[in-house]
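Report on the following structure.
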Amino acid sequence: MEIVEDGPFRYRIPQHGPMRVPGVVFASRYVLPEAAGDQALQQVVNVATLPGIVEASYAMPDVHWGYGFPIGGVAATDVGASGVISPGGVGFDISCGVRLLAAGCDRQELAPRLQALMDVLGHRTPRGPGRGAVWHVGRSQLDHILEDGARYAVECGHGVQRDLNRCEDEGRLAGALAAQVSTRAIDRGLCQVGSLGSGNHFLEVQAVEAVYDPDAARAMGLHEGQVTVMIHCGSRGLGHQICTDHVRTMDQAMSRYGISVSDRQLACVPVESPEGRAYLGAMAAASNYARANRQLLAEAAGDAFEAVCGCGLDLVYDISHNTAKTEIHRVDGNPLRLCVHRKGATRALPPGHPDLPHDLATVGQPVLIPGTMGTASYVLVGVAGGGAFHSTCHGAGRVRSRHAAAREVDGRQLRADLERHGIAVRGTTLRGLAEEAPLAYKDIDAVVQASEGAGLCRKVARLVPLGVVKG
DNA sequence: ATGTCC
């Protein structure tokens, strides 16, 4: 495959064959080979063939192989030109995302209480595959969650209005259609509201190690030495089931719209079709479920801090990195209504954007980047002129399969190494720990450097782990 | 990511 270096941190895959647009990969020379090592770049090419795609099939520096679309992929389709929506461009974990909370204490104050805090957090945070939840709800309450997301959780007393001001979409994605969520998806969702899940999901207690942009950090409520909590999780079995259901529907419906794709995992239909509207309605419902999920976990973490440390947690921001959104963007000078797929990619709105909370209007939108377990995480911010429809990376990006990582890493040794570095671990299985070993991921510092170098975002702060509750 | 296959 031909790849042309177009500029610093920017590579292009020229349009060829059935591609409707070129591929554009944001990466450094250091990060690119890792992306090219698997099928991810072929997936960038495959996405470029989808009906209605505009500008380019984009890949962020953390790109890696995924279901149909690469993880770390961004693709926008022109809704008015029969542009398509594809569940594979959102991912199985619909609205998977990150919430960052700022604690009212610094790391020195926390140090003598860290183990006790981790014990309480470990005890109160449902995790692992299957059942277990902070909030036990019935069918009618679940319908409200699907409709109103974190807003409903706050209405029920699980948080305060300020939380919603610091959530993407104010904690509620409009357009949810509970009727498009199958009974099986509902059943899976009932017993998981307020739970981490497994895999790379986690709750981490961190400290702000470095501040690169003091003004932005101050506006976000962050300073050097401060303790933070990062929660990374999604829509659990409910979102997974919705993806499964609608991929099947679209796979069967595609040919009626004259669409054929090279990979069945790219199943898609026009945004403006009954099947497209059904998926987007169900996807919005799962998004709201994920946002309520993070709201409930944050409330439980705040209770743990109050009990052990005598201080609370304030929300910095909550943002998803697996979504499809209808947005207006200029393409070749013309404003178009686009369906922007971000799969393992984070929206990064620039200063002055109308969707920002008013107290962050001049700062830009916080972008929350979870690193690999035991390494750093980042707070970034959107910048003016950001490419890929104002998108950036979402994390380190996997470079080794779970299987390979588990084969190469001894979970017991890894846990001992983390503890030796002062990181308290409240984990799940040792195998689960081994699968998330740092060697299975790209270097988060290199990914963030490439994202910033490509002009997609700017660094605000670097966070280091003090303790981790593993999903 | 996921009651890691209905």
Side-chain angles (χ1 to χ4, degrees), chain A residues 38-40 43 62-73 86-99 126-133 142 181-193 195-203 231-249 251-252 264-265 267 279 282-283 285-287 289-291 293-294 297 319-324 341-346 370 372-373 394-407 428-437 440-441 470-471:
Chain A
D38 54 26
Q39 294 299 303
Q43 292 187 316
D62 50 338
V63 68
H64 58 287
W65 176 87
Y67 179 90
F69 286 56
I71 296 163
S86 175
V90 173
F92 273 83
D93 193 2
I94 296 166
S95 213
C96 180
V98 180
R99 169 174 290 227
R127 61 184 184 277
R131 305 171 74 89
L142 187 62
V181 180
S182 68
T183 305
R184 183 179 285 184
I186 295 285
D187 287 344
R188 292 180 68 174
L190 277 170
C191 53
Q192 297 183 325
V193 184
S195 65
L196 274 182
S198 59
N200 66 352
H201 289 164
F202 64 77
L203 181 152
I231 297 170
H232 177 209
C233 64
S235 53
R236 307 287 281 106
L238 179 131
H240 189 278
Q241 190 63 48
I242 286 171
C243 184
T244 303
D245 293 340
H246 289 262
V247 163
R248 182 175 303 142
T249 304
D251 185 55
Q252 292 163 357
R264 283 182 78 174
Q265 296 184 352
Y279 171 71
M283 187 210 72
S287 291
Y289 183 95
R291 289 143 202 246
N293 190 22
R294 291 194 287 272
L297 288 169
I319 181 107
S320 301
H321 47 233
N322 281 2
T323 61
H341 301 70
R342 294 187 183 87
K343 179 189 192 179
T346 315
T372 310
M373 178 179 56
H394 87 302
R398 189 173 271 281
V399 288
R400 266 185 177 79
S401 70
R402 297 187 174 286
H403 186 75
R407 194 173 54 230
T428 168
T429 62
L430 289 172
R431 184 189 165 90
L433 214 57
E435 288 176 348
E436 294 302 318
Y441 286 88
K470 273 301 300 169

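Here the structure is a predicted model, which is why all the values come from computation and not from measurement. Letters A, B, ... mirror the listed sequences (proteins, then strands); counts begin at 1. Because only heavy atoms are used, hydrogens play no part in the values below, and waters and symmetry mates are left out as well, while side chains stay in.
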To the nearest Å, how far apart are [X] [atom1] and [N] [atom2]?
X       : N      : atom1 : atom2 : answer
E436(A) : dT2(B) : CD    : P     : 11 Å
Y289(A) : dT2(B) : OH    : C1'   : 13 Å
Y67(A)  : dC5(B) : OH    : P     : 13 Å
Q241(A) : dC5(B) : CD    : P     : 14 Å
I94(A)  : dT2(B) : CD1   : P     : 12 Å
R184(A) : dC6(B) : CZ    : P     : 7 Å
D93(A)  : dT2(B) : CG    : P     : 6 Å

**Request:** Identify, with sequence neighbours excluded, every residue that meets side chain to side chain contact (heavy atoms under 4.5 Å, CB included) alongside Q252(A).
**Result:** R248(A)
**Request:** Name all residues meeting the side chain to side chain contact (heavy atoms under 4.5 Å, CB included) criterion together with R431(A); count only those two or more places apart in sequence or in a different chain, and write none if there are none.
**Result:** H403(A), A406(A), T429(A), E435(A)
**Fill in**
5'-most contact on DNA chain B (nearest-nucleotide basis), G199(A) vs P129(A), goes to G199(A)
**Message:** Between S235(A) and R248(A), which residue's closest nucleotide on DNA chain B lies nearer the 5′ terminus?
**Reply:** S235(A)
Student check: side-chain heavy atoms of [X] and [Y] closer than 4.5 Å:
X       : Y       : value
H321(A) : H232(A) : yes
L238(A) : Q192(A) : no
V181(A) : D245(A) : no

Describe the nucleic acid contact of [X] in one word from base, sugar-phosphate, nothing, applying a heavy-atom distance below 4.0 Å.
X       : value
G234(A) : nothing
G197(A) : sugar-phosphate
Q192(A) : sugar-phosphate

**Message:** Is there a side-chain contact between R402(A) and the phosphate of dT4(B), meaning an N or O under 4.0 Å from OP1 or OP2?
**Reply:** no
**Item:** dT2(B) OP1/OP2 closer than 4.0 Å to side-chain N/O of S198(A)
**Value:** yes
